[in-house]
Amino acid sequence: MEKLRKVSRQEYLKKREKKMLDEIRDHIDDEKYLFGGVNLTQTEYREIRYKKQIYNLLKNTTDDEAYDREYRIPESHDDHPEKRFAAALQRYRDDPIDESRKTRLSEQETWEEHQIRKVTMKFGSKNRKRKQDDHDFVFVKMPDRAAFRNERETLPIYSYRDDLLRAINDHRVLIIVGETGSGKTTQIPQYLHEAGYTAGGKMIGCTQPRRVAAMSVAARVSKEMGVKLGREVGYSIRFEDRTSEKTVLKYMTDGMLLREFLRESDLASYSVVMVDEAHERTVSTDILFGLVKDIARFRTDLKLIISSATLDAEKFSDYFDSAPIFRIPGRRYPYEIHYTKAPEADPLDAAIVTVLQIHVSQPPGDGDILVFLTGQDEIETAEEILKYRTRRLGSKIAELVICPIYANLPTELQAKIFEPTPQGARKVVLATNIAETSLTIDGIKYVVDPGFSKMKSYNPRTGMESLLVRPISKASADQRAGRSGRTGPGKCFRLYTVHHFCNDLDDNTVPEIQRTNLANVVLILKSPGIKDPHKFDFMDPPPTEALLKASELLYALSALNEHGELTKVGRRMSEFPLDPMLSKMIVASDKYKCSHEIISIAAMLSVGNSIFYRPKGKQVHADNARLNFHVRDVGDHIALLKVYSSWKEADFSSQWCYENYIQVRSMKKARDIRDQLEGLLKRAEIELISNPNDLDAIKKAIVSGYFPHSARLQKNGLYRTVKHPQRVYIHPTSGLAQGLPRWVIYRLRSTCGKSPN
DNA sequence: GTTTCATTT
């Protein structure tokens, strides 16, 4: 009975999908353009063939287990952190400003003072001593050259130099465990160079997950070696290649090495590849693992170094056929960890109270406070409350300088966290995860960790990505704690219980490759001729269904043929470092003679964050400014194009951006991406043609990339996606929110929709 | 009915 119902529901869905496809055909005059030059009957035909292929694939994987593998989709947490945050935010917004609540406030005041007095009691119990990592290289001051030799020799790694070189000589793959501060990133490549691994012009490549890291480490090493940056020592990141013929030590982002691999699939110009910060498990590092492991099998002269933080060392070793592990101690200060005795009902409130407690009970000037919060909204709220409460305490306490920091904060405001704290005051830094790995702030002694962060997750069933507030992992909690006391011993206040830490938190954060849309990954894996991404040697395989979903999308975009092989279109698409739907859009623009406009749109869309600046208190002005770019119900893509061309007409002026509530940084990034895309057109055999007035042509090109994300207006005013029966609605900030066109194409988590008519 | 942690090619 149960089974029957299931099957009939599937059939029902299938029928409905077909019906919707039929309806599309009825509503669109030019049926060719909606499906990128393929008429519908053919699409249906392909769909059937593709379903068959998936069926075969599944049959070949044999075990149902693989198919049913647990998807790493975060389940809704029992106590709904999001709801709790939302409620807390609301409460605080209503709270302090309202005059009629004075009685309640004075009660709160008494309570607060009471709390502050008993501060030492509260965190007295349950200490756990931990060691602490010392320094990254990003903001290290450069001493003069004469001092370098000495300084190099005082690094912890120096005493292991000979053993290390012997181990590398004896093994093809070596796992190196060394905490930050051991000097591995700067020293190992130099040791290898001194030992002759760069003879014959071969390079030593060292990958970093972040651009700044690659740049600054290269700068540091070139100074240590006394050579000009970009000559013997260089770096290679997107938009900037500072290497030359002479370069032997090359620092680069992991994504960059991946792109290089697509051009030179045996990495012949390298004698050593060092994958640094491997524990961060970025998608690029994870793919590199598989590729590099494969290369090392036939290139016996290639040395492989995987360097990671302590926790996963055995796992890395297992993956690389029991490669030996080499441990190097770091240079650390001790830090204490304090837990709460009982769980906190309201993490934001607890964090604020803790900050005030620390501030009042500890002498000013002994160290600053770092608080980890989940996002911009929460940081802004916390800032308001803290300002309000410290103002009320007035001269009873020392000054508290509040510094918010998150990636989307305009750069000039970000600089504030690096300003030294004034005499007699204390700085409290309210940060997102950005302070966990990407930047280090001097002078932090106290860390307040409520134990949550926002995480991207991908649901392969619906093809939807979402951002959820989730408890962090143990590794992440330790990383946060380690941020205390870079300058001396520190303290970390965890706003949860020891029990929660030990029993509820995962050991490690789920690797990104298991919670992301894999379309791009599959396209990359297809290009060098890896026959089956399902058989790719992932260290942590992504869910089978996510891979299938990705292949299915690429097939629909005609990047793969019915045998799962890369087509000509697919090859042209893979030239672009973009999401496949955007790449397809560009490839299609060749046909519609509007590549000039489409690459602008693609660049604007692929700037990670929003182009529009919407500061608190000025939302109305910002929204009005944005409306200037929407001419009637023309769609948000066209609006983005207008933003870009207006900026260009204004000579790329920053002033213009301020006047129009546009993020300068995002626009500059869009311009960089656009320039790069323009350069790549030739490789993909696309002509650069401008056709700014034919909006229909532009829309057609967009649709041929984005048709898998189309949704149709229903009678009740909501939209329903075509591919999966999923209810969606247009974000109120979209230019289409009022018009409600019959059809839209959409981009998830974003303010973009557009009508195809 | 009003958003979005962090990265990267």
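Within every chain, numbering begins at 1; the chains are lettered A, B, ... in the order of the sequence lines, protein sequences first and strands thereafter. If you're wondering where the values come from, they're calculated on a predicted model, not measured in any experiment.
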**Request:** Mind checking A:R210 for me? I need base, sugar-phosphate or nothing, with any heavy atom below 4.0 Å counting as a touch.
**Result:** sugar-phosphate
**Request:** Return the orientation label for the A:F316 and A:F289 ring planes: parallel under 30°, perpendicular over 60°, tilted otherwise.
**Result:** perpendicular
**Message:** Can you tell me which nucleotide in B:dC5, B:dT4, B:dT9 comes closest to the side chain of A:N408?
**Reply:** B:dT4
**Message:** Under 4.0 Å, counting only non-hydrogen atoms across every strand here, what does A:T282 touch: a base, just sugar-phosphate, or nothing?
**Reply:** nothing
**Asked** What is the distance from CG of A:N433 to P of B:dA6, rounded to the nearest Å?
**Response** 8 Å
**Asked** Please give, in whole Å, the distance from B:dA6 P to A:L409 CG?
**Response** 10 Å
**Asked** Starting at NZ of A:K456 and ending at P of B:dA6, how long is that distance when rounded to a whole Å?
**Response** 12 Å
**Request:** To the nearest Å, give me how far apart CD (A:E240) and P (B:dT8) are.
**Result:** 13 Å
**Complete:** Rounded to whole Å, CG of A:L605 lies from P of B:dT9 at a distance of 19 Å
**Request:** Tell me whether the OP1 or OP2 atom of B:dT9 has a side-chain N or O from A:R211 closer than 4.0 Å.
**Result:** yes
**Item:** Contact under 4.0 Å: A:T253 side-chain N or O vs B:dT8 OP1/OP2
**Value:** no
**Request:** Calculate the interatomic distance between A:Q376 atom CD and B:dC5 atom P; express it in whole Å.
**Result:** 6 Å
**Asked** At under 4.0 Å between heavy atoms, what does A:L258 touch on the DNA or RNA strands: base, sugar-phosphate, or nothing?
**Response** nothing
**Complete:** Closest of B:dT4, B:dA6, B:dT9 to the A:Y406 side chain is B:dA6
**Request:** Please list, chain by chain and in numerical order, all residues satisfying side chain to side chain donor-acceptor pair (under 3.5 Å) with A:R259, sequence neighbours excluded.
**Result:** none
**Request:** Describe the nucleic acid contact of A:E280 in one word from base, sugar-phosphate, nothing, applying a heavy-atom distance below 4.0 Å.
**Result:** nothing
**Message:** Taking the nucleotide of DNA chain B with the nearest heavy atom to each, does A:G255 or A:T432 sit closer to the 5' end?
**Reply:** A:T432
**Asked** Is the closest basic N to carboxylate O distance between A:D672 and A:K669 below 4.0 Å?
**Response** no
**Closest to the A:S438 side chain, choosing from B:dT7, B:dT4, B:dT9** = B:dT7
**Request:** Mind calculating the distance between OH (A:Y458) and P (B:dC5) to the nearest angstrom?
**Result:** 22 Å
**Fill in**
Comparing nearest nucleotides in DNA chain B, the 5'-proximal residue of the pair A:A407, A:F576 is A:A407
**Prompt:** Side-chain contact, heavy-atom cut-off 4.5 Å: A:L430 with A:E383?
**Reply:** yes
**Asked** Can you name the residues that form a side chain to side chain donor-acceptor pair (under 3.5 Å) with A:Y270, not counting sequence neighbours?
**Response** A:K250, A:E260
**Prompt:** Starting at CZ of A:F239 and ending at P of B:dT7, how long is that distance when rounded to a whole Å?
**Reply:** 15 Å
